Structure formats: C-alpha cells, structure tokens
Peer 1: 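The structure's right below; bear with me while I get my questions together.
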Amino acid sequence: MNRFTRVVCLGIALFFPVFDTLASDPQKAIHTVFEAADDGFDMARTQNYYSGWVSDAIFETLLTYDYLARPAKLAPLTAESMPEIRDGGKTVLVRLRKHIYFTPDPAFDGKRRELTARDYAYAIMRLMDPQNRSPSAHFVAGKIVGLDERAARAKKTGRFDYDTPLAGLATPDRYTLRIRLKKTDSNFLYVLAYGGLAAVAREVIERYGHESRLHPVGTGPYRLAQYVPRSKIVLLANPQYRGFIWRFAASSDPADADLIRDMSGKTMPRIGKVNIAIIEEEQSRWLAFQEGNIAFDKLPQLAAPLVMDGNTLKPAYAAQHLRVYRMVEPEITFTTFNFKDPLTGGFSKEKIALRRAIAMAYNVEEEIRLLRNAQAIKAEMPVPAGVSGHDPSYRSSIAYDPELASHLLDHFGYRRQADGYRTLPDGSPLLLKIRTEASSSAKTVSEIWKRGLDRIGIRAQFDVGNFADNVKAATECRLMMWGSAWHADFPEGENFLQLLYGPNAGQGNHGCYRSAAFDALYEQAMKLPVGEQRNRLYIEMSRQMEADTAWVVHVSRVRNWLVRPWVQGFKKHPILQSDWQYLDIDASKAPYSLRGAESSPPEVVP
C-alpha cells in the first residue's frame, strides 16, 4: 500500500456541521500576543508565519489536521471526506460539503455567497499568477497538468487566464474538484491542507486588488474586525460559520484525558473574540503575560531560568495554576547566504571557502546558552526532528572552529591587514552586511556573530529592519545574509529541502541557491514515495548543501507554552497554527471579568 493510499484510509471526518452560530460567546475573549508583525492576510502573496496564523482562522482549506493526533494526521475540513485517489495517485477527487458560506461582504452585492469547488481552483491558480509573485508557488509548480503552461503564457501576455477550463483543475459540478497531477506526489494531500491553498472568493480579490491583504473574506470561524498593522489585530466569531462539535479522542497521551473531558461534545467555536497585540520585545511580552490578562503564550527564553525547573514549573508559578505544554518545534533556525550577491555568492573555491569560514565562526552552543537559556537543541541537518526524513544520527560537517576557519581564509588569499580585518583576495574591502531585527534576541545573535567574525578577521555590518520588511527583501533575494526560521507546513522533509531547490529561488529559497547537484538529488527524491529511499537522498542533499555552504544551520527551539487555568482545550499542534476555534474559557477560574470582551489587553511600555 503506497503512502497516498494509506493517508486516505486513515482519514476520518472530524468536523460535524451544526449550523449554529450561537455557541460563540461575545463575552468570551482570548487575549494573546505575537512576537513579530504579520504581513497582511493574502496568503497567495506572503509566507509570513504570523499572517498564516491569523489567516488560518479566517480562511479554510479542503483538509486540516486532527487536533489531538500525534504524529500529525490529516482530516477533512471543507471536504466531505478524505479525497479519492485514482490513476495510481495522479488524480485527486475532492467533494465539498454543501451550505458553507463566506462572511458577508460588499463584494457579494448583498447576496449570500456559498463556497464552491471553483473557489479552490481559483486559489490554486492564484499561486501561479506572475502578478502575485507568490512565495508559495512551489507548492503547486510543476505538479498540476496545464498549470505551468498557463503561467508561462501569463508571463508573456501580462494577464493570467482564470476563465478557460484547465485540465488539471476541473470542476465537473459545483461541489467537486478534480485535480490531475503530472506524476504521483506523496505529499500532495498535505499540500491541500496548507493555508496558501485556502479558498478565496474571486469577487473579493477583484474588488480589493492588492488591498485584499487588508480585507480578508473567508468561510472560517473568525473574521477580521480591527487591524492596526504591526500593532493590533482583533478577530470576531464569524456569524456565517457552520460550527462543529468538539470530537477529538484519537489521543494516546494520558495527559489529554482532562482536556478531552472538558471539551468533548461542545459546539464550537466558543470564543467570541480574539485580541492580538504585536509585542516584538521579549521583556515586554513577558511583562504583559505577568499582568495576568494574556491567556497563553510561548515562555520567552529570557524568562526560562526564572520559571522552569528542568521540564516543570517552579513552585511560584505552579501556585498560579499555570499549565505548561512543552515541545521541540518541528522547525529550524538558520542563516542564509545570498548566492546572487557578488561577495557571498558563487561556486568558486575561494567563495565556498569564505562561506565555510563564516559558518565555522558562529558558535551555536553559545546561542543555546546565552540566548535560548538551554531551551533549544542544536540542529544538525535541514530536516528537523519530528519531521519525516530527519536522521537523529546525522551530524553536520560544519563545526564551530574559528582557528580552522582562519587557516582556510589564509589559504585562499583573504589577507589580514594591520587593523586585524581581512580583504578579498584581490585586495578590495571585505565587509559582510547582515540583516537583522531590533529585538533583544536578534541583538544577541548579532553579538555572537560579531565575536566569531572578529576572531577570524571579517568585518561585519548589522543592518536593522522590521521583520515583515526583511521577509519581503529576502523573498526578492536582496539580503546578503539573513537569519530566519522555518516551521513545518507539513510533516515531511520536502517542506524544508524545497527551500534550497534552485527553481524556488525567490519563492522560499531566499538565498537564490542554485546547485545542479542538489537540484538533481531533489528531483530524484520527489519521484520516490515517502520512506527510506527518499530519506537517504535527503541525507545526500544535506551533505551537498554543506559542501556548498548555502546555510548556517542553528537550532530547533524548545517551546514552553504557558497556559492560564481558565483556558480549556489547549494543546499546541505541531503543524496547525490557529487554535482559537478549539478552545473555551472557564469563567469561574478567570481572575478578571470576561464581560470586558470589548476591551484590549493592557498597553505595555518597554
């Protein structure tokens, strides 16, 4: 039984429509914080993590994940059941639930707008429309019959044809979507659960154009009520949402027993309002949480020694009846080299030596000790723990060794001058420009970089920018070096290694790394089913990345989610971001009046 068939057989319908919007209580509000700014809510045009978090509450994909099942398991969302797979995996047939409606909007001219299969076909085509410059295009590029050819024509004509029927995205009736793939894709069902493929209404996109990022209209449990970019987001329960019954019992974790007891059988969503404050500084976020109004948040790393005793809460915090949910994120943090940059790019021996020496100057263990307060593990390969394709025995060939890095630079002609800093082999100045953010954690990383680079004689300039702006610049391959993170969109190694695939340059591949050897291995791996053979190629790809030194791989962070005692149903999912629709509030345990739902979290001044 191949992987495709196995996933289909495991899928069960977990969302039971109830058509009752009265379950959400406008007096029940969740106050929470984001540690970085979003980039609007048009997921065809951004891959911003925080944009995705909000968008997943507004828009809906065909498939989602079982809230409790570990490892992560797919389940239907707007689909009636798991897709039917035909033609040896080359045809995916999805039937939608009926009577699902978009949030009312002037774009619909006062009519109630039902979700149809055409909305999903349109959303998928938008990823390939050249005008959108979608960083998520790689999820469907090269996969769907006729779609790449249509995108190529759009590049020539300046207009994407959304109207002519496309063989690979057929809608034989209002509620059926038939996707024809060029070849079997073991991960395509995961792709259908990715937020970039959530349904959008064409009328909305055409009415608001590029402003659609500020005007999201979906079928999900929440709608955008207030938005102050880079400051505040307010969501309200969607009055058109069909609702569902909380029935997640597929958990083998005894710790979930209380959660299941509290939530089973409830009509969802219960939360009427979500207030999100953007607080980028760790100290300020921690102060906001200590005020008592934040429902749950990731424990800032700076506070870990004060709050945690190993894996448990210290008595002072346990006495507050806080719960802690601890997990190693399925993610990696890393620094990207720009292969288009004349200084850091190129495959000549001296350029590879320069990147390798720079990578060897960064002390990951110092990051774990000083910045992460031991709340991280060293990442050895691009595929992190918890994701299929990760090899726990793998060890990176790039180690922290500034002495060896110095010898490498000497050998390839990077000469030290009287001031201790080096020049390029031709005698011209050598200056690294590393893009960073203004947060205290980013400053610590910059300090670690500077100490290491000073030791090997490389001068560095640290340019501070806003996270959202940095993402945009990285997407355009304009940053010489930039540190970022990637969290699993789906739990298989392709999701990480595609960030290094040449054709994805500018679409997730922020370093515009193009290696013929790496690309050949990637393409070979994509022809194989998920499993041992593919995983062996992932190891070869990791070694090739190291040989070229396209990334400096840093850590996978340990997240300690602190949850207030009045929050019910919380269990952080490794893939799902938005979780407000699965939660409830026990007002009897809240230390403040929930009748203040119309208020916002307290202002926190750094």
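Owing to the predicted nature of the structure, the values given are computational and were not obtained by experimental measurement. These numbers come from the heavy atoms of this one structure, side chains and all, not from hydrogens, waters or symmetry mates. One is the number of the first residue; the rest follow in order along the sequence.
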Peer 1: Please name all residues satisfying ring-ring contact (aromatic ring centres under 6.0 Å, His included) with F59, sequence neighbours left out, ordered by chain then number.
Peer 2: none
Peer 1: Ring centres under 6.0 Å, that's the criterion: do F160 and Y162 meet it?
Peer 2: yes
Peer 1: Salt-bridge test for E84 and R95: reply yes if a basic N is under 4.0 Å from a carboxylate O, no otherwise.
Peer 2: yes
Peer 1: Measure from NZ or CZ of R213 to the centre of the six-membered ring of F41 and say whether it is under 6.0 Å with the direction within 45° of the ring axis.
Peer 2: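 Relative to the ring axis of F41, which defines the angle, R213 lies outside at least one limit.
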Peer 1: For residues L576 and D579, determine if any side-chain heavy atom of one lies less than 4.5 Å from a side-chain heavy atom of the other.
Peer 2: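 The answer is no, as the side chains (C-beta and beyond) never meet within the 4.5 Å cut-off.
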Peer 1: Aromatic ring centroids of Y194 and F490 under 6.0 Å?
Peer 2: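 No.
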Peer 1: Counting distance only, does the side-chain N/O of T61 pair as donor-acceptor with the main-chain N or O of L63 below 3.5 Å?
Peer 2: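 Yes, because the side chain of T61 sits within donor-acceptor range (under 3.5 Å) of the backbone of L63.
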Peer 1: S388 versus V530: any side-chain heavy-atom pair under 4.5 Å?
Peer 2: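 Of all side-chain heavy-atom pairs linking V530 with S388, at least one is under 4.5 Å.
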Peer 1: Would you indicate whether the side-chain heavy atoms of L115 and R174 approach each other to under 4.5 Å?
Peer 2: no
Peer 1: With distance as the sole test, does T91 use its side chain to make a donor-acceptor pair with the main-chain N or O of D87 at under 3.5 Å?
Peer 2: no
Peer 1: Taking side chain as C-beta onward, heavy atoms only, is N504 less than 4.5 Å from L499?
Peer 2: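 No. Closest side-chain heavy atoms not under 4.5 Å.
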Peer 1: For T219 and E60: C-alpha separation, side-chain torsions, deciding distance, then whether side chain to side chain donor-acceptor pair (under 3.5 Å) applies.
Peer 2: CA-CA 6 Å; T219 63; E60 292 187 290; 2.7 Å; yes
Peer 1: Please determine whether a side-chain nitrogen of the Lys or Arg among D148 and K182 lies less than 4.0 Å from a carboxylate oxygen of the Asp or Glu.
Peer 2: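 Salt bridge between D148 and K182, a charged N being under 4.0 Å from a carboxylate O: yes.
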Peer 1: Are there over 12 heavy-atom neighbours, none belonging to Q533, within less than 6.0 Å of that residue's CD?
Peer 2: no
Peer 1: Do V328 and I377 come close enough that some side-chain heavy atom pair is under 4.5 Å?
Peer 2: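 A side-chain contact under 4.5 Å exists here.
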Peer 1: I'd like to know if the side chain of R150 and the backbone of D161 have a donor-acceptor N/O pair within less than 3.5 Å.
Peer 2: yes
Peer 1: Take L93 and R86 through the test side-chain contact (heavy atoms from CB on, under 4.5 Å) and record every step on the way to the result.
Peer 2: CA-CA 8 Å; L93 192 70; R86 299 177 177 176; 3.4 Å; yes
Peer 1: Kindly indicate whether a cation-pi arrangement holds for K572 with W561, taking the cut-offs as under 6.0 Å to the six-membered ring centre and within 45° of the axis.
Peer 2: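 Relative to the ring axis of W561, which defines the angle, K572 lies inside both limits.
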Peer 1: I'd like to check K340 versus C512 (side-chain heavy atoms, cut-off strictly below 4.5 Å). Are they in contact?
Peer 2: yes
Peer 1: Below 30° counts as parallel, above 60° as perpendicular, anything between as tilted: where do the rings of F339 and F347 land?
Peer 2: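 Correct class here is tilted.
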Peer 1: Is it true that a side-chain atom of R247 and a backbone atom of K266 form a donor plus acceptor pair closer than 3.5 Å?
Peer 2: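 No.
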Peer 1: Could you tell me whether H138 and Y501 have their ring centroids closer than 6.0 angstrom?
Peer 2: no
Peer 1: Run T103 and N238 through side chain to side chain donor-acceptor pair (under 3.5 Å) and show every step you take.
Peer 2: CA-CA 7 Å; T103 303; N238 175 9; 3.2 Å; yes
Peer 1: Evaluate the side-chain proximity of V191 to K143: yes if any heavy-atom separation is below 4.5 Å, no if none is.
Peer 2: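 Of all side-chain heavy-atom pairs linking V191 with K143, at least one is under 4.5 Å.
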Peer 1: Could you tell me if the ring centre of F248 sits under 6.0 Å from that of Y582?
Peer 2: yes
Peer 1: Could you walk me through whether Y538 and E492 pass the side chain to side chain donor-acceptor pair (under 3.5 Å) test, one step at a time?
Peer 2: CA-CA 11 Å; Y538 286 170; E492 207 279 325; 3.0 Å; yes
Peer 1: Are T549 and E546 close enough, and set up right, to give a side chain to side chain donor-acceptor pair (under 3.5 Å), and what steps lead you there?
Peer 2: CA-CA 4 Å; T549 317; E546 291 171 12; over 6 Å; no
Peer 1: Could you tell me whether R543 sits above the aromatic face of Y394, with NZ or CZ closer than 6.0 angstrom to the six-membered ring centre and within 45 degrees of the axis?
Peer 2: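 Yes, cation above the ring, under 6.0 Å and within 45°.
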Peer 1: Parallel, tilted or perpendicular: which describes the rings of Y49 and W53, with under 30° parallel and over 60° perpendicular?
Peer 2: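 Geometry flag for W53 against Y49: perpendicular rings.
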Peer 1: Is a salt bridge present between D42 and R126, judged by a nitrogen-to-oxygen distance below 4.0 Å?
Peer 2: yes
Peer 1: Using 30° and 60° as the class boundaries, would you call the ring planes of F334 and W551 parallel, tilted or perpendicular?
Peer 2: parallel
